[in-house]
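Working notes, structure below.
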Amino acid sequence: MRADLAEPGSGAADGPAPGHVLGVDSGGSGLRIAVARADEKDARPLASYTSQEPIGTGPNGMDAHHLLKQLVPAAQDLMRDTGARQLDAVCVGAAGMASLGTELRAELPGALAEAFGVRRLALAADAVTAYAGALGQTPGAVVAVGTGVIATGTDLTEAGGWRRADGWGHLLGDCGSGAWIGRAGMEAALRAHDGRTGGSAALLARMEALWGPAAELPGMLYPRADRTAVLASFAPEVAACAGHDPVAADILNRAARHLVEAAAAVCPTADGSVVAFTGGLLHLGEPLLTPLRRAFDELLPHARRVEAEGDPLGGALRVAAALATGRLLLPTDEKLLRVTR
């Protein structure tokens with residue numbers, strides 16, 4: 001775990017402290033927490049905390065007590081470090097909030113009110129905090145892509161609400177994600193091993209260099225609890241082969257098209273609507289980004305692609321600051337963005 005303070009001069013100052021907000025980003029890789037001033041438009045973190053321990057799940061979904069066990073003492077330390085005397089609002093963004101957030105929605109409002117006296121609370125799916133981090137409170141669409149993928153869009157009206165595409169997991173969807181690319185690459189490698197059409201000798205060589213003989217791959221992969229991450233770990237190998245291997249290049253072309261199709265499914269129809277792609281998979285670079293740009297021009301001619309402004313933790317801080325100052329424009333939703341005031 002780690003706590004980080006912002007640069008000198010950007011944190012708390014002597015004298016009466018302004019209102020502060022807390023943002024939380026809970027995902028498969030762990031927990032991140034930050035404090036920011038409530039009166040700043042972009043809610044830049046003054047101090048942050050990182051834990052590599054993901055929040056567990058129980059019979060009622062995500063374990064609220066496990067989250068609170070990490071969250072409360074870390075938040076108290078951050079408040080002390082930044083001089084925050086109170087929290088005006090909190091936003092908890094979590095992967096699985098929409099489908100596994102029953103216990104969080106039941107337990108967190110009372111627990112956080114007792115611990116910090118905070119009444120303004122936003123409980124958000126990580127797709128919503130990714131949206132807020134990337135676009136703030138601007139109408140548009142955001143595709144968050146890493147091991148999995150989910151797209152969200154809104155025109156900022158309650159009638160329009162949130163639109164969602166994919167995010168169905170590696171067995172049913174997550175098309176174009178790291179796990180999808182990795183699985184497609186492994187399949188092409190095994191096709192080459194078998195002598196079937198559509199195989200890639202280059203990907204077979206990469207796969208066996210990583211994990212040994214192809215025939216032993218199922219025994220290595222299937223029993224693992226982290227097999228989705230293992231699949232995704234092969235995506236960089238596919239990208240490395242794309243420049244000289246047509247099968248690998250085709251996999252990335254199809255992945256890019258899937259990502260843009262998800263964006264098109266949720267993007268507002270108004271001309272000039274903005275779309276941002278965010279997440280670790282973009283680090284694959286031009287082997288993915290070049291076909292992504294081509295697919296975007298073809299499938300979303302009315303929209304404008306922009307760079308993501310920030311990440312999901314920054315999005316949680318933005319939501320909390322907007323809630324604290326009465327400026328929250330993002331549409332509320334029982335599962336995607338539940339707000340108490």
Side-chain angles (χ1 to χ4, degrees), residues 1-12 20-38 40 42-57 62-84 87-97 100-101 104 107-108 111-112 115-116 118 121-134 142 144-148 150 178 225-226 228-229 232-233 278-283 308-321:
M1 63 186 63
R2 186 178 75 249
D4 300 308
L5 286 175
E7 292 297 321
S10 63
H20 289 78
V21 295
L22 187 77
V24 180
D25 175 41
S26 173
S29 60
L31 183 69
R32 297 189 301 154
I33 307 169
V35 167
R37 286 186 178 140
E40 285 193 354
D42 289 328
R44 293 172 296 175
L46 302 175
S48 62
Y49 163 93
T50 301
S51 168
Q52 304 299 323
E53 181 183 355
I55 302 306
T57 57
M62 300 178 69
D63 188 336
H65 296 287
H66 187 197
L67 174 62
L68 289 165
K69 184 178 179 180
Q70 292 195 60
L71 170 58
V72 172
Q76 290 170 339
D77 288 344
L78 292 176
M79 291 176 68
R80 184 187 64 249
D81 292 341
T82 57
L87 295 175
D88 292 346
V90 174
C91 175
V92 178
M97 180 70 78
L100 298 172
L104 296 187
E107 300 289 338
L108 290 190
L112 294 177
F116 302 109
V118 64
L121 173 64
L123 299 178
D126 61 334
V128 170
T129 51
Y131 184 102
V142 171
V145 55
T147 299
I150 188 168
D226 64 343
T228 307
S233 72
T278 184
L281 194 70
L282 302 182
H283 295 154
E309 296 173 1
D311 63 8
L313 179 60
L317 289 171
R318 283 180 164 186
V319 170

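Reckoned from all heavy atoms, side chains included, excluding hydrogens, waters and symmetry mates.
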Legend entry - side-chain contact (heavy atoms from CB on, under 4.5 Å) between Phe116 and Val72, worked out: CA-CA 9 Å; Phe116 302 109; Val72 172; 4.2 Å; yes
Inset, instruction - Start with the C-alpha gap between Leu68 and Leu112, add the side-chain angles, then the distance that decides, and say whether side-chain contact (heavy atoms from CB on, under 4.5 Å) holds. - result: CA-CA 9 Å; Leu68 289 165; Leu112 294 177; 4.0 Å; yes
Inset, instruction - Assess whether side-chain contact (heavy atoms from CB on, under 4.5 Å) is satisfied between Thr50 and Leu31, documenting all intermediate values. - result: CA-CA 6 Å; Thr50 301; Leu31 183 69; over 6 Å; no
Legend entry - Test log, rule side-chain contact (heavy atoms from CB on, under 4.5 Å), inputs Leu87 and Met79: CA-CA 8 Å; Leu87 295 175; Met79 291 176 68; 3.8 Å; yes
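When each of Thr129, Val21, Leu121 is checked for a side-chain contact (heavy atoms from CB on, under 4.5 Å) with Cys91, only Thr129 meets the rule.
Counting heavy atoms from C-beta outward, Thr147 and Leu281 have side chains that stay 4.5 Å or more apart. Inter-residue side-chain proximity for Thr278 and Val145 is flagged as unmet; no heavy-atom pair is nearer than 4.5 Å. Side-chain contact between His20 and Asp88 is absent, with no heavy atoms from C-beta onward closer than 4.5 Å.
Within the structure, salt bridge (charged side-chain N to carboxylate O under 4.0 Å, His left out) contacts touching residues 65-80 (residues at least two apart or in different chains) are Asp77-Arg80.
Take Asp311 and apply the salt bridge (Lys or Arg N to Asp or Glu O under 4.0 Å) test, not counting sequence neighbours, and it matches Arg32. Scored by the side-chain contact (heavy atoms from CB on, under 4.5 Å) test, Ala74 finds Ile33, Tyr49 as partners (sequence neighbours excluded). Scanning for side-chain contact (heavy atoms from CB on, under 4.5 Å) contacts around Ala34 gives Pro45, Ser48, Leu313, Leu317, with sequence neighbours left out. With sequence neighbours left out, the salt bridge (Lys or Arg N to Asp or Glu O under 4.0 Å) criterion links Glu309 to Arg318. Under the rule for a side-chain contact (heavy atoms from CB on, under 4.5 Å), the partners of Ala127 that lie at least two apart in sequence or sit in another chain are Ile150, Thr152.
What you find for Ala38 and Ala321 is that their closest heavy atoms are O-CB, 3.8 Å. Taking every heavy atom of both residues into account, Val319 and Ala132 meet most closely at CG2-CB, 3.8 Å. Taking every heavy atom of both residues into account, Ala36 and Leu46 meet most closely at CA-CG, 4.1 Å.
With rounding to the nearest 0.5 Å, the separation of CG in Leu104 from CG in Asp63 is 8.5 Å. Atom-to-atom distance recorded for Leu67:CG and Met62:CE is 7.0 Å, nearest 0.5 angstrom. Note that NE2 of His65 is 12.5 Å distant from CD1 of Ile55, once rounded to the nearest 0.5 Å.
Not one N or O on the side chain of Asp226 forms a donor-acceptor pair closer than 3.5 Å with the backbone of Ala229.
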